[in-house]
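Scroll down for the structure; my scribbles are underneath it.
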Amino acid sequence: MGIIAWILIGLLAGFIAKALMPGKDPGGIIITMLIGIAGGLLGGWLGKVIFGVDSIDGFFDLSTWIAAIIGSVILLVVYRLVTGGRRSHRHA
């Protein structure tokens, strides 16, 4: 898959992960895309290590999307744990 496909999958997988785990996150669309891209790679790697399958085959394969979404949810949980106490509070 090309870089544009990875960015698109990353953006959509990150968005789906945020939809599955609603709540406030201290990140915008760039963080969502980065979490999704890294999540896709993580999900593909976990699928290969745990199940011995190549879960990142192509843009329209269901296994690619499932791997990307699961990886994105894992990374979103980690991101929330790391940044959870760093919310900015503004006082007037």
Side-chain angles (χ1 to χ4, degrees):
M1 289 191 303
I3 189 72
I4 302 298
W6 276 109
I7 291 171
L8 183 60
I9 287 175
L11 180 62
L12 294 172
F15 177 77
I16 292 169
K18 279 195 175 186
L20 292 173
M21 298 181 56
K24 291 193 173 196
D25 292 315
I29 189 127
I30 300 297
I31 297 298
T32 300
M33 189 166 55
L34 292 175
I35 287 173
I37 292 169
L41 295 172
L42 175 66
W45 179 76
L46 287 174
K48 191 169 195 160
V49 169
I50 294 172
F51 300 111
V53 296
D54 189 17
S55 57
I56 300 185
D57 292 330
F59 186 83
F60 293 106
D61 286 337
L62 184 61
S63 62
T64 299
W65 287 93
I66 291 172
I69 292 167
I70 289 173
S72 296
V73 167
I74 291 169
L75 288 182
L76 184 58
V77 167
V78 170
Y79 179 69
R80 286 182 178 178
L81 289 173
V82 170
T83 63
R86 295 190 218 168
R87 301 208 192 274
S88 62
H89 299 289
R90 294 192 177 187
H91 299 286

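Numbers for residues simply follow the sequence, beginning at 1. Only a predicted model underlies this, so the values are computations on that prediction, with no experimental measurement involved.
- Tyr79 OH to Lys18 NZ: the interatomic distance, rounded to the nearest 0.5 Å, is 7.0 Å.
- Heavy-atom minimum distance, Gly14 versus Ser72: N-OG, 4.0 Å.
- Side-chain contact between Phe15 and Leu11 is absent, with no heavy-atom pair separated by less than 4.5 Å.
- Of the residues listed (Val77, Val82, Leu76, Val78), the one engaging Arg80 in a side-chain contact (heavy atoms from CB on, under 4.5 Å) is Leu76, and it is the only one.
- Put simply, the side chain of Leu20 reaches to within 4.5 Å of the side chain of Ile69, judged on heavy atoms.
- A side-chain contact (heavy atoms from CB on, under 4.5 Å) with Leu75 is found for one member of Ile70, Ile35, Leu34, Ile37 and no other, namely Ile35.
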